[in-house]
Amino acid sequence: MAEARFSTHFNQHGALVKLTNSRDAKHMNWVVSPDYLTSVGYHDDDKLFGEFSLSINGRDYRSIDLSPTIMAAANKTTVDYTLPDAQVALTYTDQTDRLVWDAALTNTTDKAVQVDQFSVWASLAYIMFRNKDVQVNMDDSAAVFPSISKNFTKLAAIRRGNAGPHLGVFQTAGIVQSVGTYSEWTNRFFDNVSPSLDGLLFHEIVLAGGYPASRAPKRIGFIPIGRFSWP
């Protein structure tokens with residue numbers, strides 16, 4: 001049996017908090033870590049990879065406020081959230097050379113439901129680390145470049161040191177409305193350090209609806225991005 005290429009770890013909310021590639025000599029964590037957020041004083045655990053927000057039948061839900069059922073098997077982890085009108089299932093399947101991520105919203109009633117908004121965070125490690133170790137920012141941080149397509153949107157994550165392997169998230173099924181990018185940063189210009197701006201970018205995949213005016217991030221860029229996998 002071929003060795004699994006990716007190793008994953010999930011927190012109690014079902015968020016993916018560690019993703020490593022066995023072929024990566026640097027052992028980079030390709031997703032945002034809650035431990036790092038805590039260490040620098042950012043309060044963005046609701047934006048970790050796999051966290052979601054949902055508005056259905058006039059009710060608003062956030063996964064950070066819910067207690068999912070997490071089922072782990074040899075090559076698959078499923079995170080299930082049971083709601084009054086629906087079920088949200090996020091499934092991560094190891095297919096040896098790639099990890100396939102399915103996000104599914106299922107109506108569990110015998111009536112039609114109205115979904116006004118459904119978004120899932122896909123926060124790769126777009127991080128400028130708050131330390132003086134330039135090598136860390138080269139080896140453990142990536143710039144994320146979106147490519148827009150109705151049926152095949154991509155997120156290309158390129159390690160800042162430009163030494164592979166790099167990582168890509170590819171839409172292979174379903175329809176995605178947009179992707180929002182939220183920034184969290186601190187100006188350190190007067191600290192005489194590099195980078196003078198430390199912070200992160202979080203990417204949110206919008207599967208239904210969009211951002212109501214009341215919760216639009218203050219610093220955001222939109223791109224028009226179901227199922228995703230990364231080789």
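Since the model is a prediction, treat every value here as computed from it, not as a measurement.
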Legend entry - Shortest non-hydrogen contact between N21 and P165, atoms and distance: ND2-CG, 3.7 Å
Legend entry - Proximity of F10 and Y92 rings by center, below 6.0 Å: yes
Inset, instruction - Would you please name every residue forming a side chain to side chain donor-acceptor pair (under 3.5 Å) with S123, sequence neighbours left out? - result: none
Inset, instruction - Give the other cluster members for I158, using side-chain heavy-atom distances under 4.5 Å between Ile, Leu, Val, Met, Phe, Trp and Tyr residues; answer none if it is isolated. - result: F145
Legend entry - All side chain to side chain contact (heavy atoms under 4.5 Å, CB included) counterparts of T91, not counting sequence neighbours: K76, T78, T93, D102
Inset, instruction - Give the minimum heavy-atom separation between L200 and I127, together with the two atoms involved. - result: CD2-CG1, 3.7 Å
Legend entry - Note, L54 side chain near L83 side chain (heavy atom, < 4.5 Å): yes
Legend entry - Side-chain heavy atoms of D44 within contact of W121, under 4.5 Å: no
Inset, instruction - Identify the two heavy atoms, one from H13 and one from L66, that lie closest to each other, and give their separation to 0.1 Å. - result: ND1-O, 3.5 Å
Inset, instruction - Only pairs at least two apart or in different chains count here, so list each salt bridge (Lys or Arg N to Asp or Glu O under 4.0 Å) that has a residue in residues 157-174. - result: D24-R159
Legend entry - Listed partners of D80 passing side chain to side chain donor-acceptor pair (under 3.5 Å), at least two apart: none
Inset, instruction - Please identify each residue that fulfils side chain to side chain contact (heavy atoms under 4.5 Å, CB included) with D45, with sequence neighbours left out. - result: P34, L37, L48, I64
Legend entry - Residues forming a side chain to side chain donor-acceptor pair (under 3.5 Å) with D65, sequence neighbours excluded: R62
Inset, instruction - Determine the minimum heavy-atom distance between S53 and E204, stating which atoms define it. - result: OG-OE2, 3.8 Å
Legend entry - Flag side-chain contact, heavy atom, 4.5 Å: V17 against S33: no
Legend entry - Which residues share a side chain to side chain donor-acceptor pair (under 3.5 Å) with N29, sequence neighbours left out: none
Legend entry - Which residues share a ring pair (Phe, Tyr, Trp, His ring centres under 6.0 Å) with Y81, sequence neighbours left out: F52
Inset, instruction - Kindly state each residue pair satisfying salt bridge (Lys or Arg N to Asp or Glu O under 4.0 Å) with at least one member in residues 110-122, sequence neighbours excluded. - result: none
Inset, instruction - Go through the steps for T106 and Q87 under the test side-chain hydrogen bond (donor to acceptor under 3.5 Å, both in side chains), then give the verdict. - result: CA-CA 5 Å; T106 303; Q87 180 183 39; 5.0 Å; no
Inset, instruction - With sequence neighbours excluded, tell me which residues meet side chain to side chain contact (heavy atoms under 4.5 Å, CB included) with V40. - result: Y36, Y42, R130
Legend entry - Nearest heavy-atom neighbours spanning A157 and L124: CB-CD1, 3.9 Å
Inset, instruction - Using side chain to side chain contact (heavy atoms under 4.5 Å, CB included) as the criterion, list what pairs up with A72, not counting sequence neighbours. - result: T77
Inset, instruction - State, to 0.1 Å, how close V113 and N107 come at their nearest heavy-atom pair, and which atoms those are. - result: CG1-OD1, 3.6 Å
Legend entry - Close side-chain approach of D94 and F6, heavy atoms under 4.5 Å: no
Legend entry - Heavy-atom side-chain contact between T172 and V100 under 4.5 Å: no
